[in-house]
Amino acid sequence: MGDEHQLAISTRGLRKTYRTRQGRSVGVQGLDLDVPVGGVHGFLGPNGSGKTTTIRMLLGLIRPDSGSAQIFGHEVPRDLPAVIDRVGAIVESPKFYPAFSGRRNLELLATGIGAPRTEVDRVLAEVGLTERAKDKFRGYSLGMKQRLAIAATLLKDPDLLIFDEPTNGLDPAGIKEIRSTMRSLADRGKTVLVSSHILGEVEQVADTVSIVSRGTLVAQGRVADLIGASTQSVRLCITDTSAATFALVEAGYAVRDDAGVLVVDGVAESSHVTRVLADRGLYLSELVPVRADLESVFLELTGDDGPGASHEIAFAGAGARQPGDQGGEAA
Amino acid sequence: MRLLRAELWRFRSRLLIRWIAVGTLVIAGLVAVGAYVQSAPMPEDQVAMMRADYDATVADYAENGAQYLEDCRAQAEEQGLSDEEWGCTEEAYSVGDFEDWIGPPSEFGWDEPEAVEGPELSPYNGTPVEDLPAELRSEPLVGMEAVEGASWSGVGNVLTLLPVFVLLGLVTGVTFTAAEMSSGAISNWLTFEPRRRRVFWSKASGAALGTLPIALVGIAVAGLGSYAAYGLHDAYGTMGSEQWGYFAGGMARALVAAVVAAVVGASLGILLRHTAIVAGVVVGWFVVAEFILGLAMQVSALTPYLLSTNLVAWIQGGTNYQVTRCVVDDTQGEICEGVNYAVSTAHGGIVLGAVAVVVTLFAVLVFRRRDVG
């Protein structure tokens with residue numbers, strides 16, 4: 001495919017504002033996004049942080065005010081026709097002709113892109129919709145609609161799949177199904193960009209993530225690296241909690257008492273905590289590192305204080321399941 | 001071509017469009033049924049009733065006609081007008097034949113008009129045209145009104161009803177695209193084909209090509225069905241090459257208008273995104289521009305540019321409108337006259353074509369640049 005050492009998606013200074021009654025509101029503000037080729041890339045951010053706007057700009061549905069975007073090295077939206085056959089996308093809720101059956105909707109799309117009708121059967125089977133293919137789209141459950149949308153994206157056998165909040169409104173079984181679909185697509189060598197504000201589901205499936213807040217990028221990199229880069233907490237069991245608290249605060253740590261257990265935040269190295277205490281003749285009965293998860297990283301980066309300094313970790317680092325094999329690197 | 005094929009397939013699959021096709025056939029059938037009723041000979045009891053009225057009037061005029069005429073002339077003198085100006089003529093108090101009394105039979109075609117001898121007369125007050133001031137001289141009548149008998153012939157009735165099929169073409173085009181825009185399905189479509197101009201033209205062409213057979217069948221059933229209905233009563237009348245040419249020309253132009261209306265409808269659907277909004281704009285236009293300004297307020301400068309005027313001109317081979325004009329004459333004082341102005345077929349075609357081009361190109365421009373939600 002010739003995409004080695006390339007990014008599937010790259011944006012620079014992407015900006016989009018909307019006219020509102022109160023003036024102009026910023027949807028995306030100078031976004032620099034890099035999505036490596038291969039693997040699942042989580043595009044995270046609170047509601048209204050600019051994820052869907054970014055995806056729409058990438059797909060040529062809305063025009064950026066300024067900045068540039070590329071998909072597989074092609075400038076978009078200008079060169080989108082050249083690359084659109086390699087991109088499958090579901091933007092927000094799946095939108096098909098409600099009065100047509102699932103099969104007819106797919107057949108229309110297949111006719112439009114010149115795909116053989118046999119592909120329709122294949123993709124319907126792939127998402128498990130063969131038996132309900134003749135039902136009208138308007139009668140589908142949300143999960144079936146999502147599956148039909150995924151089937152539509154697969155008609156092109158794309159290299160890049162963009163899923164915008166694909167699990168919205170789905171039950172746990174549906175969420176699990178979508179997650180495993182994304183994983184299996186990535187395992188087949190596709191690049192999957194999934195936007196979401198539900199971090200737990202992305203953390204389980206994503207290799208790399210970008211976190212946006214208020215239209216700007218606040219962090220991007222491998223999930224493991226981002227979690228690792230976050231400051232840690234440790235839980236301590238110790239007899240003399242007062243003396244321990246005094247010693248740790250004096251050493252510059254933030255300490256909380258959680259029902260007789262001390263929780264120390266902002267710990268870079270656990271051994272430093274034990275040394276501080278040992279120097280005062282205080283000995284621990286237990287020290288448990290509290291592992292940071294993506295949610296805590298996310299909250300830390302997108303908290304009320306607003307987006308802080310951009311927190312970037314090169315994709316070339318270790319830890320990702322497979323995209324790192326391609327050697328992609330953030331710009 | 002792939003996009004067009006998909007659009008044509010979507011066109012065929014849309015339930016609402018199937019209903020419009022059925023509705024078109026029903027309307028066409030009703031036109032033919034109307035022609036059958038129109039061409040039926042008058043029932044005998046009605047003929048007998050009219051005969052009784054005729055005989056009573058003949059008897060009344062024979063007994064009192066001279067007195068009526070004398071009274072009329074007296075009233076004319078009181079008003080300071082001539083007998084002719086007040087309508088006191090021998091003809092006014094004579095009945096003529098019974099055939100004239102009941103009117104000509106309803107026929108599909110019409111007889112060739114007899115050549116009129118003598119000076120050309122104003123169609124409104126009978127004054128020789130050459131005697132009128134230049135400002136009050138009417139343009140020659142065009143279209144159906146130019147041929148005596150054509151207006152109330154079966155051909156005339158059919159051509160008068162054909163704009164309904166043009167309206168159906170417009171509705172078809174609107175519903176074909178507006179539903180897609182309002183449901184958001186267009187954004188999904190654009191993720192498969194982002195070249196918006198291609199997408200637009202495939203939809204406009206799909207609307208045109210899809211509407212063509214529906215309108216063709218509708219117009220053919222209305223026209224040829226009416227011809228057959230008149231035939232059932234042996235009321236073809238005179239259908240020579242001129243009549244057939246006029247009839248076929250009108251139907252062909254109506255078909256073209258219906259197809260173009262579908263393109264305009266598709267453009268309006270894309271532009272305004274909701275069928276209800278398009279309906280509001282179209283109805284609003286007809287109420288404000290066509291009805292209030294055009295008919296009620298009689299803004300004569302607008303008349304030749306109204307869509308309704310030009311559509312009638314296009315289908316009927318020209319149409320006419322009248323404006324009351326007055327001039328002050330040195331000898332006769334103020335003279336007022338209903339002056340006839342003609343709108344030709346070509347004028348109708350150019351105005352309608354220009355409107356179609358402007359609406360369509362504007363829709364392309366907006367669709368190319370608009371953010372799709």
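Only this structure's heavy atoms are used, side chains among them; waters, hydrogens and symmetry mates stay out. Reminder, nothing fancy here: chain letters follow the sequence lines and each chain counts from 1.
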query = Which region of A/Glu92, side chain (C-beta onward) or backbone (N, CA, C, O), has a non-hydrogen atom less than 4.5 Å from a non-hydrogen atom of chain B, or is it both or neither?
reply = neither
request  = Go through the steps to decide whether A/Leu59 and B/Leu190 satisfy the test side chain to side chain contact (heavy atoms under 4.5 Å, CB included), and finish with yes or no.
outcome  = CA-CA 8 Å; A/Leu59 295 169; B/Leu190 289 173; over 6 Å; no
request  = Report, as yes or no, whether the 6.0 Å neighbourhood of atom CZ on A/Arg24 holds more than 12 heavy atoms from other residues, nucleotides or ligands.
outcome  = yes
key: Interatomic distance, B/Phe192 atom CZ to A/Leu109 atom CG [nearest 0.5 angstrom]   = 4.5 Å
B/Val372 backbone acceptor or donor facing A/Arg56 side chain under 3.5 Å = yes
key: B/Arg197, CZ: over 12 other non-hydrogen atoms inside 6.0 angstrom   = no
Region of A/Ala110 that comes under 4.5 Å of a non-hydrogen atom in chain B = neither
ask   = Do other residues, nucleotides or ligands put more than 12 heavy atoms under 6.0 Å from A/Tyr18 OH?
value = yes
note = Ranking B/Arg369, B/Arg5, B/Arg195, B/Arg370 by heavy-atom pairs under 4.5 Å to chain A gives rank one to B/Arg369
inquiry  = Can you confirm whether more than 12 heavy atoms, excluding those of B/Tyr36, are under 6.0 Å from its OH atom?
reply    = no
message = Counting only heavy atoms not in A/Arg117 (residues, nucleotides, ligands), do more than 12 fall under 6.0 Å from its CZ?
response = yes
request  = Taking all non-hydrogen atoms of both residues into account, name the closest pair between B/Pro194 and A/Leu80 and its distance.
outcome  = CB-CD2, 3.7 Å
message = Just so I understand: if I count every heavy-atom pair under 4.5 Å between each of A/Gly60, A/Gly88, A/Pro81 and chain B, which residue has the most?
response = A/Pro81
Under 3.5 Å: donor-acceptor pair, side chain of B/Asp371, backbone of A/Arg63 = yes
request  = Check the pair B/Ser13 / A/Arg104 against side chain to side chain donor-acceptor pair (under 3.5 Å), numbers first and verdict last.
outcome  = CA-CA 9 Å; B/Ser13 306; A/Arg104 177 147 293 189; 2.9 Å; yes
task = Give, as side chain, backbone, both or neither, the part of B/Arg14 having an atom under 4.5 angstrom from any heavy atom of chain A.
result = both
key: Top of A/Thr153, A/Ile84, A/Thr52 for chain B proximity - count of heavy-atom pairs under 4.5 angstrom   = A/Ile84
key: Under 4.5 Å from a heavy atom of chain B, the part of A/Phe96 involved   = both
ask   = Who are the side-chain hydrogen bond (donor to acceptor under 3.5 Å, both in side chains) partners of A/Arg103, not counting sequence neighbours?
value = A/Asp121
Show which side-chain atoms of residues 250-279 of chain B pair as donor or acceptor with protein atoms under 3.5 Å away, not counting sequence neighbours.
residue  : atom : partner  : partner atom : Å
B/Arg253 : NE   : B/Trp314 : O            : 2.4
B/Arg253 : NH2  : B/Ile315 : O            : 3.1
B/Ser267 : OG   : B/Val263 : O            : 2.9

remark   = Of the listed A/Leu155, A/Ile162, A/Leu108, A/Ile90, the one with the largest count of heavy-atom pairs under 4.5 Å with chain B is A/Leu108
remark   = Looking only at heavy atoms, the pair that brings A/Gly112 and B/Trp189 closest together is CA-CH2, 4.2 Å
query = Less than 4.5 Å apart, any side-chain heavy atom of B/Ser187 and any of A/Lys95?
reply = yes
request  = Report yes if some heavy atom in the side chain of A/Thr111 is under 4.5 Å from a heavy atom in the side chain of B/Arg2; otherwise report no.
outcome  = no
Validation row: B/Asn188, A/Asn105 side chains within 4.5 angstrom (heavy atoms) = no
Distance-minimising heavy-atom pair for B/Thr191 and A/Lys156 = O-NZ, 2.9 Å
note = Given B/Glu193, B/Met1, B/Glu180, the one with more heavy-atom pairs under 4.5 angstrom with chain A than any other is B/Glu180
